Number of protein chains: 2
Amino acid sequence: MSLRYALLGFISTEPASGFDLAREFGESMGWFWYASHSQIYPELRRLEDDGLVASTEVTGNPGKQKRIYRITERGEAELQTWLEQPTEYAPMRDVERVKLVFLDGAPVEVIRRHLEDHRKHHEDLLAIYTQQLGELHRGVFPRLVKRLASRPESARELITGLKILAMKGNIDRARTEIGWAEDALSWLEGIQ
Amino acid sequence: MSLRYALLGFISTEPASGFDLAREFGESMGWFWYASHSQIYPELRRLEDDGLVASTEVTGNPGKQKRIYRITERGEAELQTWLEQPTEYAPMRDVERVKLVFLDGAPVEVIRRHLEDHRKHHEDLLAIYTQQLGELHRGVFPRLVKRLASRPESARELITGLKILAMKGNIDRARTEIGWAEDALSWLEGIQ
DNA sequence: GAACCCATGTAAGTTGTTACATGATTGA
DNA sequence: TCAATCATGTAACAACTTACATGGGTTC
């Protein structure tokens, strides 16, 4: 159910094509909700069937056909209702943790490699998040700029603040994972 | 693919019935990998078809029928292979974050309620994790006791250490989320 | 002409959820 | 006898993944 609202939220900032959305949900928006294009295109059609978005075929650039979706009033209303409802937290499913607790029969180097990969993974994420936080602060993050333009001046502080908050949350998480992996690696040094 | 290995890992400690596994994957093991009984029963049958586990029908207690699964040699080998392979990290899908970034049109109280719920959710988790960490340290955590009994003495430090590590990771995460929510709530105070 | 990006889709399969269904035992 | 716990399953559906499929435009 969440993909439709993530799409709706995105479209509420600015009309977009399936391709635009697929790009964002694989990249920047992917830092909150990942989705592939094969999931997005059918969902957009369903959203249109339900009257939450409306589309127009654009043949602007020579030959290029493109379907642009914009949010409807009903879409705005449904999105708002969903946003305000309490969140149902997804059950935990953590492959890396499952591996870790059962790795007690493996050589220590294997465990070390896992922990190093874990650290690396979150260091890579941290680098991206940090860069994006900078862009948010400098007011050059494209999605932020567009949202500010489409909303009343009075919402300015909230719009910027909430995006910064969300990004900071990602940064906190990444740092926590890195710190944990480092502690784990030092502990592992003393083993054997 | 991960459910089967989580089940296999679990069974590698001690033979178990579908019901046992369903209980654990909904409770303590659920803190690493949640699964419902309707997913577990068919998966156990498939594991048996593939020769990774073997089962025996037990009619011990009067009337009660129960199928106990134990791991096979092939199962042990496949589990070990999977454990040692690098982890593929699941794409991010965070409903709460999606809500937050689009909540800029909602009243501040709604945002506050979301953040308070978030803090509460992770405080509840933290309480459970903290209790379980205590049990691990005191050596009374049932799964730890069973695993120690089924493995060579030399693996003792690793078995205990890895479980403590995993639980500490959960605690770190919970604390991070709580801290983030509190910072967010203070920031929200200054808004309006 | 090859490689790459834009652009949109479908099909088959896997994984996970929710609800339905059954039946025995235990304890209040 | 009523509720709870033990115990195992199936069915329908929703969500997600991977692979297949097509075609135009741009750039080297």
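The chains referred to below are lettered A, B, ... by the order of the sequence lines, with proteins before strands, and numbering in each begins at 1. Not measured: the values here are computed from a predicted model.
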task = Identify which nucleotide among D:dT8, C:dG16, D:dC16 has an atom closest to any side-chain atom of B:Leu3, counting heavy atoms from C-beta outward.
result = C:dG16
key: A:Asp49 bridged to A:Arg45 by N-O distance under 4.0 Å   = no
remark   = Side-chain atoms of B:Ser38 come closest, of C:dA19, D:dA15, D:dC16, to C:dA19
key: Side chain of A:His37 - closest among C:dT17, C:dG9, D:dT8   = C:dG9
message = Would you say A:Glu135 and A:Gln131 are linked by a side-chain donor-acceptor pair, where the criterion is simply a distance under 3.5 Å?
response = yes
ask   = Is the distance from OP1 or OP2 of C:dG9 to the nearest side-chain N or O of A:Tyr41 less than 4.0 Å?
value = no
inquiry  = For the aromatic rings, using the six-membered ring if either is Trp, is the centroid distance between A:Phe25 and A:Phe10 under 6.0 Å?
reply    = yes
note = Taking D:dG9, C:dG9, D:dT10 as options, the one with an atom nearest any side-chain atom of B:Pro42 is D:dT10
key: Under 4.0 angstrom between A:Gln39 side-chain N/O and D:dC16 OP1 or OP2   = yes
query = Of the candidate nucleotides D:dT17, D:dC16, C:dG9, which contains the atom at the shortest distance from the side chain of A:Trp33?
reply = D:dC16
task = Flag the pair A:His122 / A:His118 as yes when their ring centroid distance falls below 6.0 Å, and as no otherwise.
result = yes
request  = Could you check whether A:Arg93 gets within reach of a base, just the sugar-phosphate, or nothing at all, counting any heavy atom under 4.0 Å?
outcome  = sugar-phosphate
ask   = Among D:dA7, D:dG9, C:dA7, which is the nearest nucleotide to the side chain of B:Phe19?
value = D:dA7
